[in-house]
Q: 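Sharing a structure, written as structure tokens. Questions coming.
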Amino acid sequence: MTENTTHAPYTNPDATARFLAARDFLLERREDYEAARAGFVWPRPERFNWALDWFDHIATGNGTDALRIVEEDGTSRGVSFGEMSVRSASAANWLRAQGVEAGDRILVMLGNQRELWEVMLGAMKLRAVVIPATPLLGAADLRDRVERGRVRHVIARAEDTAKFDEVPGGYTRIAAGIEVPTGWRRLEDFYDTDCHFTPDGETLATDPLILYFTSGTTARPKLVEHTHASYPIGHLSTMYWLGLRPDDVHLNIASPGWAKHAWSNLFAPWNAGATVFVHNYTRFDPERLMAEMDRHGVSTFCAPPTVWRMLIQSDLTLLRTPPREAVAAGEPLNPEVIEKVREAWGVTIRDGFGQTETTLQAGNFPGAPVKPGSMGRPAPGYEIVLLDPVTGKESPDEGELCVALGPRPAGVMTGYRDDPERTAEAMADGLYRTGDIASRDAEGYLTYVGRSDDVFKASDYKISPFELESALLEHEAVAEAAVVPAPDELRLAVPKAYVTLAAGWQPGPETARVLFEHSRAVLSPYKRIRRIEFAELPKTVSGKIRRVELRELTAAGSAGEYDEAELA
């Protein structure tokens, strides 16, 4: 199919033109950060539907792959922009026939399969509200999402439908797969549905579009609300950070259901008109991944620090044609990883910072100097303020990283749905408070210190877990590390490291002695690691380390730890 959709009478050429102008402004200044910061202005249309007003616009007559998926067996399939436009219109028409209306909430729990993108666009065209969910969720998590999210429709893979047997509710059940259980409707039937779509009303830019449950590293997941402006338009900042061009093939490693998947597998690449590339695998294989990157000409690459740390355990020179742009997000990237990739690929990984609640707030941008260990400078359209956590006053050097809301960046959430108290707390005094502590140098570069609830004191000195973790990762024995406070009678707390060892190293007192010696050599005395335990690090389903769980384990005491003083 190459025919494009029609969506009269609610076409919105003014909104399309304003979005295009803002996008092109950033593309033309892709390697001129100062000019982009000085001149960028968020487009603020009153009415905007990204799927209709932007995606269908660039899809017209466009045979370039919008999406290319490589499966584990090596087979690949591409879907052009034109085909994606048609299929999403058919999906919208079919979903409408199943009872989906504007404002309805749809829980979408699909893998990296073409239907995921077609449903996302189709739901947007209908003005339905999507609640993305990873297929890794269990029945308890799903009950919480269906109940608190007030879900009216569920779209899931056929192999995951049994999880919903324990999830009560009168929601419509739709399954993706060749065979679907009794009581579930077959999603793929939409391919036989008419592709001429007519909206049943206008989309306000302020209408809700996506509800995200946060990953819950420290508390019960919050329900973050984004609009038809805040993620689609807001991700112009993410597009700029990624350094995307319209002819790029962009690989982002992220699980469907999490915000980073929408960041870099949907909005940012298609804002630029680039191809979204996906490699599906059961078990991460660095060599296979690099082979597919070469075979398909991946030119821009984004991965979380966990993946980068696994990649550097392999032979990076196997990648014959490294990507032009390489970035990391999700958690701070340790400088040691950046250096190893630079040595092998001649490419500098550019770190960036954002949250589910926002788009890219700060980053190391193309063409600008990268400071190892820094997450860069404020993105175009964002103003960053640091607040002293004790006095609550603005600090020039270090404090809680906050986004100024006057004027409000397009990429900031509406708030936490159904939680006005938490929203008011997060948005107090004209600032969005991220809960992350950062420092700022004389040139405006920001460096991550830690979550406000992760930073701790030892002997009255403030300790940043990230700094200590970075120091440990300099040693070849360490694949991953997480530092938390351990109770101590004399110092109140001392740094304890949970360490996952690299291949070839065995847990035990001798390895612990080696790491204690390394800690003494590279850290100031008040910062050095005092206790070590070898373990696999607990993580959320989105891959973030659950330090809250490690703090609880430490507080309860462990017989498996090694004490520096005892091994001396």
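Just so you know, residue 1 is the first one in the sequence shown, and it goes up from there.
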Q: Determine the interplanar angle of the Tyr231 and Phe267 rings, folded into 0 to 90°, and report it as parallel if under 30°, tilted if 30 to 60°, perpendicular if over 60°.
A: perpendicular
Q: Tell me whether the rings of Phe19 and Phe48 are parallel (<30°), tilted (30 to 60°) or perpendicular (>60°).
A: parallel
Q: Rounded at 0.5 Å granularity, tell me how far CG in Leu137 sits from CZ in Arg143.
A: 12.0 Å
Q: For the backbone of Arg47 and the side chain of Asn12, can you confirm whether one donor and one acceptor N or O come within less than 3.5 Å of each other?
A: yes
Q: Quick one, Arg29 and Phe40 - any side-chain contact, counting heavy atoms below 4.5 Å?
A: no
Q: For Glu46, does the CD atom have more than 12 heavy-atom neighbours from other residues, nucleotides or ligands under 6.0 Å away?
A: no
Q: Can you tell me if Thr16 and Asp53 form a side-chain donor-acceptor pair at under 3.5 Å?
A: no
Q: Would you call the rings of Tyr448 and Phe353 parallel, tilted or perpendicular, where under 30° means parallel and over 60° means perpendicular?
A: tilted
Q: Does either side chain, that of Glu72 or that of Asn280, offer a donor lying less than 3.5 Å from an acceptor on the other one?
A: no
Q: Are Glu425 and Arg422 close enough for a salt bridge, meaning some N to O gap below 4.0 Å?
A: no
Q: Kindly indicate, with the supporting measurements, whether the criterion side-chain contact (heavy atoms from CB on, under 4.5 Å) is fulfilled by Leu209 and Val130.
A: CA-CA 6 Å; Leu209 169 63; Val130 175; 5.6 Å; no
Q: Ignoring hydrogens and angles, tell me if any N or O in the side chain of Asn62 forms a donor-acceptor pair with the backbone of Ile58 under 3.5 Å.
A: yes
Q: Please report the shortest heavy-atom distance between Asp160 and Met109, naming the atom on each side.
A: CB-CE, 3.6 Å
Q: Below 4.0 angstrom, N of the basic side chain to O of the carboxylate: do Arg114 and Glu83 qualify?
A: no
Q: Checking side-chain polar atoms at under 3.5 Å, does Thr359 have a donor or acceptor matched by the opposite partner on His235?
A: no
Q: For Ala368 versus Tyr33, what's the shortest heavy-atom pair and its separation?
A: CB-CB, 4.4 Å
Q: With a 4.0 Å cut-off, would you call Arg186 and Asp189 a salt bridge?
A: yes
Q: Could you grab the distance from atom CZ of Phe277 to atom CG of Asp248, nearest 0.5 Å is fine?
A: 13.5 Å
Q: If you round to the nearest 0.5 Å, how far is CZ of Arg30 from CZ of Phe25?
A: 15.0 Å
Q: Okay, side chain of Lys125, backbone of Ser88: is any donor-acceptor separation there less than 3.5 Å?
A: no
Q: Do side-chain atoms of Glu400 reach the backbone of Gly435 as a donor and acceptor pair under 3.5 angstrom?
A: yes
Q: From His57 NE2 over to Leu20 CG, what is the distance, rounded to the nearest 0.5 angstrom?
A: 5.5 Å
Q: Would you say Trp184 and Val154 make side-chain contact, with heavy atoms under 4.5 Å?
A: yes
Q: Using atom types as modelled and distance alone, determine if a side-chain donor or acceptor of Asp429 lies under 3.5 Å from a backbone N or O of Leu431.
A: no
Q: Mind listing the closest non-hydrogen atom pair of Val41 and Ala22 along with its distance?
A: O-CB, 4.2 Å
Q: For Asp104 versus Gly99, what's the shortest heavy-atom pair and its separation?
A: OD2-O, 3.5 Å
Q: Does the side chain of Glu357 reach to within under 4.5 Å of the side chain of Lys222, using non-hydrogen atoms?
A: yes
Q: Under 30°, 30 to 60°, or over 60°: which ring-plane class applies to Trp270 and Trp50, parallel, tilted or perpendicular?
A: parallel
Q: Would you say CZ of Arg324 has more than 12 non-hydrogen atoms from neighbouring residues, nucleotides or ligands within 6.0 angstrom?
A: yes
Q: Going by atom types alone, do Gln361 and Tyr432 pair a side-chain donor with an acceptor below 3.5 Å?
A: no
Q: Using a 6.0 Å cut-off, check whether atom CD of Glu147 has over 12 heavy atoms from anything other than its own residue.
A: no
Q: Taking all non-hydrogen atoms of both residues into account, name the closest pair between Ala176 and Leu110 and its distance.
A: CB-CD2, 3.8 Å
Q: Looking at Cys302, is its backbone amide N or carbonyl O close enough to the side chain of His250 to form a donor-acceptor pair, meaning the two atoms are under 3.5 Å apart?
A: no
Q: Step by step, would you call Arg127 with Asp200 a side-chain contact (heavy atoms from CB on, under 4.5 Å)?
A: CA-CA 9 Å; Arg127 295 180 290 137; Asp200 59 6; 2.8 Å; yes
Q: Under a 4.5 Å cut-off applied to non-hydrogen side-chain atoms, are Gln355 and Met413 in contact?
A: no
Q: What's the separation between atom OG1 in Thr238 and atom CH2 in Trp263, rounded to the nearest 0.5 Å?
A: 5.0 Å
Q: Do Phe190 and Leu95 have side chains that approach each other closer than 4.5 Å (heavy atoms only, starting at C-beta)?
A: no
Q: Quick check for you: to the nearest 0.5 Å, what is the distance between Leu242 atom CG and Thr300 atom OG1?
A: 6.5 Å
Q: Holding to salt bridge (charged side-chain N to carboxylate O under 4.0 Å, His left out), I want the full list of residues that pass it with Arg68, two or more places apart in sequence or in another chain.
A: Asp65
Q: Look at the side chain of Ser299 and the backbone N and O of Val249, then say whether any donor-acceptor pair between them is shorter than 3.5 Å.
A: yes
Q: Would you say the side chain of Asn271 lies within less than 4.5 Å of the side chain of Leu236, judging by non-hydrogen atoms?
A: yes
Q: Short question: side chain of Arg152, backbone of Arg150 - any donor-acceptor pair under 3.5 Å?
A: no
Q: Would a 4.5 Å heavy-atom cut-off, applied to side chains only, mark Pro256 and Trp117 as touching?
A: no
Q: Evaluate the criterion salt bridge (charged side-chain N to carboxylate O under 4.0 Å, His left out) for residue pair Arg245 and Glu325; output intermediate values, then yes/no.
A: CA-CA 11 Å; Arg245 300 171 179 170; Glu325 308 289 349; 5.8 Å; no
Q: Quick one: closest heavy-atom pair of Val403 and Pro409, and the distance?
A: CG1-CG, 3.7 Å
Q: Using a 3.5 Å distance criterion without hydrogens, assess whether the side chain of Asn49 forms a donor-acceptor pair with backbone atoms of Met124.
A: yes
Q: Can you check whether Leu360's main-chain N or O pairs, donor with acceptor, with Ser237's side chain at less than 3.5 Å?
A: yes
Q: Under the side-chain contact (heavy atoms from CB on, under 4.5 Å) rule, what do Trp42 and Arg408 come out as? Steps first, then yes or no, please.
A: CA-CA 10 Å; Trp42 292 108; Arg408 187 188 188 98; over 6 Å; no
Q: Could you tell me whether the side chain of Ser85 reaches within less than 4.5 Å of the side chain of Phe55, counting heavy atoms only?
A: yes
